[in-house]
**Q** 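Got a structure for you, questions after.
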2 protein chains.
Amino acid sequence: MIGVAETIQSVERAAAILRLLASGTRQLGVAELARALGLPKGTLHGILRTLVHVGFVEQDETTGKYRLGATLLHLGSSYLDVNELRARSLNWADGLAVRSRESVWIGTLHEGQVLVIHHVFRPDDSMQVLQVGAHLPAHATALGKVLLAGDPYGEPLTPLAPCTKKTIVDRDALDRELELVAARGWAADMEELEEGEVSIAAPIKDRRGVVVGAIGIRGAIERLAPHGEPGRDYVSYVRDAARAVSRELAR
Amino acid sequence: MIGVAETIQSVERAAAILRLLASGTRQLGVAELARALGLPKGTLHGILRTLVHVGFVEQDETTGKYRLGATLLHLGSSYLDVNELRARSLNWADGLAVRSRESVWIGTLHEGQVLVIHHVFRPDDSMQVLQVGAHLPAHATALGKVLLAGDPYGEPLTPLAPCTKKTIVDRDALDRELELVAARGWAADMEELEEGEVSIAAPIKDRRGVVVGAIGIRGAIERLAPHGEPGRDYVSYVRDAARAVSRELAR
DNA sequence: ATCATTGTTCGGCAATACCGAACGGAGATA
DNA sequence: TATCTCCGTTCGGTATTGCCGAACAATGAT
């Protein structure tokens with residue numbers, strides 16, 4: 001290996017296995033993993049045995065194939081407990097949900113995508129699927145635009161995938177959008193992720209003014225943007241909540 | 001090392017670090033971890049560097065201490081996608097929530113505790129905290145009793161912690177309770193976890209009849225058990241849902 | 001019945017990652 | 001302000017560690 005920094009081989013390989021297992025819904029066998037990573041079967045088996053032993057991976061008793069283990073779910077939810085941003089924003093998120101009567105989302109930038117770290121359901125209807133831990137495309141959501149606009153490093157975005165007809169797929173157009181977002185302090189996505197759905201978001205900043213997260217709402221276009229653009233009251237609800245959380249973080 | 005089975009040292013150590021970081025809300029430093037695990041600082045640093053590199057751990061920029069990383073949240077939620085039990089039970093859980101008008105929980109036994117893998121909020125009020133990924137004490141919940149009663153291996157339960165005055169803390173009393181649960185096919189917890197809260201649960205079995213999970217509801221005692229014992233209709237709602245999911249799993 | 005898979009085992013070799021001491025900086029104490 | 005302690009980090013020698021490739025048994029498809 002050249003350059004970078006000395007890291008432990010087996011741990012890195014173990015992480016690669018976990019990522020691979022997480023990427024698809026399917027269970028994977030030793031041979032499949034070996035081919036994907038270009039490593040001998042025996043080597044992989046050793047790492048897998050260890051991962052099973054610590055509970056990060058489970059093995060299907062009948063087929064012998066491997067899948068992710070329950071311990072990871074535990075670790076993942078522990079991450080949420082540790083996450084300061086989430087802890088400080090829980091109350092404000094509920095308030096925003098009540099005021100706006102829409103579902104509320106809080107996210108962070110992670111590997112170029114939006115990682116959802118909190119999700120308050122819409123007050124009325126249930127029947128909503130839990131989205132915490134999910135990855136959303138950054139360029140097609142208000143949360144993502146806010147995060148990208150506040151990201152000091154350039155965006156190493158993979159090609160902008162079109163989610164709907166209105167998704168911004170041109171990089172220059174996205175750059176202009178991001179400048180607008182940075183200038184006015186909030187972002188919207190107008191049916192760019194899902195037909196008929198609109199989202200509005202504003203940045204959460206730490207004491208140094210760095211954008212560390214975003215909070216926003218999401219709902220039907222008829223309610224959130226009846227006249228073709230986001231309703232003024234919704235925007236101020238969101239911005240107020242974002243400022244409140246930012247203040248909370250500064251303490 | 002004697003006996004057991006050959007596992008990879010560094011991966012096992014990495015897992016131990018993650019468990020330690022997950023156990024408390026606090027961030028831990030290299031020295032603290034080194035003391036806790038009885039390993040040289042240098043060794044731990046190498047593993048930590050690798051864990052940071054793969055995103056399993058993050059380092060506080062100011063203090064230099066370590067905390068869990070966002071990638072774990074992603075892996076944890078991927079586990080939910082892979083989990084067949086969860087996938088098959090989603091729809092039935094919603095139905096149960098609507099019929100009972102209470103919050104619905106689905107869990108599995110993991111390291112002697114109940115791991116919550118799904119949680120449907122109560123239809124009316126929101127303001128409920130997300131509980132997926134949380135660990136619940138097995139002896140003080142209906143879900144846990146069902147799982148323990150169906151567990152072929154004995155329960156290596158740590159001392160039965162009292163959560164409320166009504167929590168079963170005597171092991172013999174628990175054993176009798178578990179036999180009752182196994183015999184009649186459902187379990188209840190009467191304010192044993194939380195004052196004023198009652199839960200009812202039934203087992204989910206795979207095609208071989210092995211208990212692989214449990215589904216149940218939880219709510220105020222005035223609604224679920226107005227006469228001092230669980231209402232008959234609630235019990236049948238829960239048992240019906242459990243049977244439905246079990247059938248779904250058998251396909 | 002044959003063949004091509006699968007997951008698993010094992011032993012030898014050498015590359016690997018562990019270790020312990022030393023370094024520089026931050027905080028607390030006096 | 002000077003001292004001292006504790007922090008996270010670096011580094012290089014050493015032998016322990018874990019990687020590898022071939023052989024194995026069991027499974028499923030042809």
**Q** So, OP1 or OP2 of dC19(C): does either fall under 4.0 Å of a side-chain N or O from Arg13(B)?
**A** yes
**Q** Rounding to an integer number of Å, can you tell me how far Lys65(A) NZ sits from dT27(D) P?
**A** 15 Å
**Q** What interatomic distance, in whole Å, is found between C1' of dA14(C) and the corresponding atom of dC18(C)?
**A** 16 Å
**Q** dT9(C) C1' sits how many Å from Arg49(A) CZ, rounded?
**A** 9 Å
**Q** So, taking the atom named CG in Asp189(B) and the one named CZ in Arg218(B), what distance separates them when rounded to the nearest 0.5 Å?
**A** 5.0 Å
**Q** Under 4.0 Å between a side-chain N or O of Tyr66(B) and OP1 or OP2 of dC7(D)?
**A** no
**Q** Please report, rounded to the nearest Å, how far the P atom of dT9(C) is from the CG atom of Leu48(A).
**A** 12 Å
**Q** Take atom NE2 of His135(A) as the centre, draw a 6.0 Å sphere, and report whether it contains more than 12 heavy atoms from other residues, nucleotides or ligands.
**A** yes
**Q** Please confirm whether the shortest side-chain N or O distance from Gln59(B) to OP1 or OP2 of dT9(D) is below 4.0 Å.
**A** yes
**Q** Would you say that more than 12 heavy atoms from the other residues, nucleotides or ligands in this model lie under 6.0 Å from the CH2 of Trp186(A), or not?
**A** yes
**Q** So, OP1 or OP2 of dC20(D): does either fall under 4.0 Å of a side-chain N or O from Thr43(A)?
**A** yes
**Q** Mind calculating the distance between CD1 (Ile47(B)) and C1' (dT17(D)) to the nearest angstrom?
**A** 13 Å
**Q** Would you say a side-chain N or O of Arg35(A) is under 4.0 Å from OP1 or OP2 of dT5(C)?
**A** no
**Q** Considering every strand and a 4.0 Å limit on heavy-atom distances, what is the contact class for Gly46(B): base, sugar-phosphate, or nothing?
**A** nothing
**Q** Quick one: is dT8(C) close enough that its OP1 or OP2 comes under 4.0 Å of any side-chain N or O from His45(A)?
**A** yes
